[in-house]
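Only one structure is covered here, and it is reproduced in the block below.
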Amino acid sequence: MKYIVVTGGVMSGLGKGITAASIGRLLVDMGYKVVPIKIDPYINIDAGTMNPFQHGEVYVLKDGTEVDLDLGHYERFIGEELTGDHNITTGKIYRCVIDKERKGDYLGQTVQIIPHVTDEIKRWIRRVANNSGADICLVEIGGTVGDIEGMPFLEAVRQMHNEEREEDFALVHVTLVPLDAGGEQKTKPTQHSVKELRELGLHPDVIVGRCKERLKDGTKRKISLFCDVPVEAVISNEDAGDIYEVPLIFKREKLDEYLLNKLKLEVREKSGKWDGIVEKLRSLEEEVTIAIVGKYVDVRDAYLSIKEALKHGGIYAGCRVNYVWVDSEDLESVSDFEFEADGILVPGGFGLRGAEGKIRAIEYARENNIPFLGICFGFQLAVIEFARHVVGLEGATSSELVEDSGESVHRVIDLLPEQRQIEEKGGTMRLGDIEVTIKPDTMAYRLYGREKIYERHRHRYEVNPEYIPVIEENGLVFSAYSDGGRRMEIAELPEHRFFFATQFHPEFKSRPYNPSPPFVGFVSAALRYKRDCDGC
Ligand code: GLN
């Protein structure tokens, strides 16, 4: 097994995840099977309870594990489906160690960070690597070198470096190369962070310099000299127009050849699959604008996978996708509004705040025949909007949005009876890949082209079965279901240009070379709408 470990220096938010995912892609394009592991040194067991305001989106894996959005980059760039095993947190490691201690596995020893915690980290990495059938295991350590939380992981990696053969281990360190007021590329932060790494007993094999502009030869030479790496191992990672360009930048920098050399691997095949995607992306001439109506608009990363899925949809529909962000709370306080957009998307969400604004946006899309895509909460609110304004169920709502005072409102979105009991014990979400059945002769079937699909879920509430008949009689079609027909999964309006909403999150399964059907349908409809209206 070959290991490539990616660490970060200077500061967070450098795009270390994209760097690591791009390295993974380079190796895949040369014929290697890669297994990524993301280490998040926080104490949470997973990202399920974390606020997207602080962390960006919570990404959901097929086994239902809720993880950091970097795992999404890995799935999209590398093309493998991951599970909770591919995300190590301090919480998970400590839980293992403490469970063992309680069972008496440590035979009365004092349980310590070295060796017990570091052993557990190494064991986890090696187990996942060896069970994956991959050739190369890519380990990204979250955070920045020097963070207290990251220390046990860096120490574990240091030990692994000693235990593995030299040709089986490479360390890639990602740092920042800022420009000073005169526009000069500064290497001091890189020097300091490499020094910090060396104090921990680690020496980088490759240094990736994140910079606004391409690293100059002089800058590379300076980093090479001060940080003790060959000049070919200093890699420029300048700002790219699109993150999908990063693997191509690395190819230009010959990082692929350098790493293979270091790991004593041959090129197995050269695939141009990724280059093809980037070429398509570059050649798109038409554009559409999508309004994303949400609560977390301040943090763009809160909807990262949706943006990515729109981009994938655009590659296949033949247009570049621009976004405007609309804060749903703003829509609640104005009497009248218009959208300057070719499509309206209401993403997932939780809670009352901004929900009425989202309902207004959906009503606007429905009444003005503007392409609409609703996801999860967006699906539930679309059902509520339809129940209120078309079916005439005044005050129709979701149990999530009303106090449980027993008042007799139309809860068209509700917990199923058996969930109510679980909810009393603290609640659970319906998470991960679940089989969904699509009905024939529907938009859903036309888009997916098959009856059985597996999509990722993250929700608690459901369309209330009591209201399904009256809603369908009025024209909203539930075109897909799960759980033997008890849970509704897709809603669509046949008379509308494109009005489509899913209880699941199709964005998590969208890939650049395998786009999500609802997104292709939505972006295509937005493009048609734009063309139709150009003469209006
Ligand atoms: N809040 C809704 C539920 O729990 C929708 C969740 C979501 O959009 N991810 O069912």
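All ligand and atom numbering here is 1-based and tracks the order in the structure. In what follows, every heavy atom counts, from backbone to side chain, and hydrogens, waters and symmetry copies are set aside.
Remark: Asn474 pairs with Phe386, Val390, Val391, Val470 by the side chain to side chain contact (heavy atoms under 4.5 Å, CB included) rule, at least two apart or across chains. For Val128, the side chain to side chain contact (heavy atoms under 4.5 Å, CB included) partners are Val35, Ile37, Asp85, His86, Trp124, not counting sequence neighbours.
Counting only heavy atoms from C-beta outward, the side chains of Glu489 and Glu455 never approach each other to under 4.5 Å.
If you check each of Phe377, Phe379, Tyr461 against atom 10 (O) of ligand 1, the one with the closest non-hydrogen atom is Tyr461.
The residue Met429 has no part lying near ligand 1, judged by heavy-atom distances below 4.0 Å.
Ligand 1 has no N or O atom lying under 3.5 Å from any N or O atom of Phe350, backbone or side chain. Looking at Arg458 next to ligand 1, an N or O pair under 3.5 Å apart turns up.
Residue, atom and distance of the protein heavy atom nearest to atom 5 (C) of ligand 1 are Gly349 O, 3.4 Å. Looking from atom 7 (C) of ligand 1 to the surrounding protein, the closest heavy atom is Cys376 SG, 3.0 Å. Taking atom 1 (N) of ligand 1 as the reference point, the nearest protein heavy-atom neighbour is Glu400 OE1, 2.7 Å. Annotation: atom 4 (O) of ligand 1 to nearest protein heavy atom, Arg460 N, 3.1 Å.
Between Arg458 and Glu57 there is no salt bridge, since no side-chain N of the basic residue sits under 4.0 Å from a carboxylate O of the acidic one. Under a 4.0 Å N-O distance rule, the pair Arg360/Glu363 does not qualify as a salt bridge.
By the 6.0 Å and 45° rule, Lys311 does not stack over the aromatic ring of Phe519.
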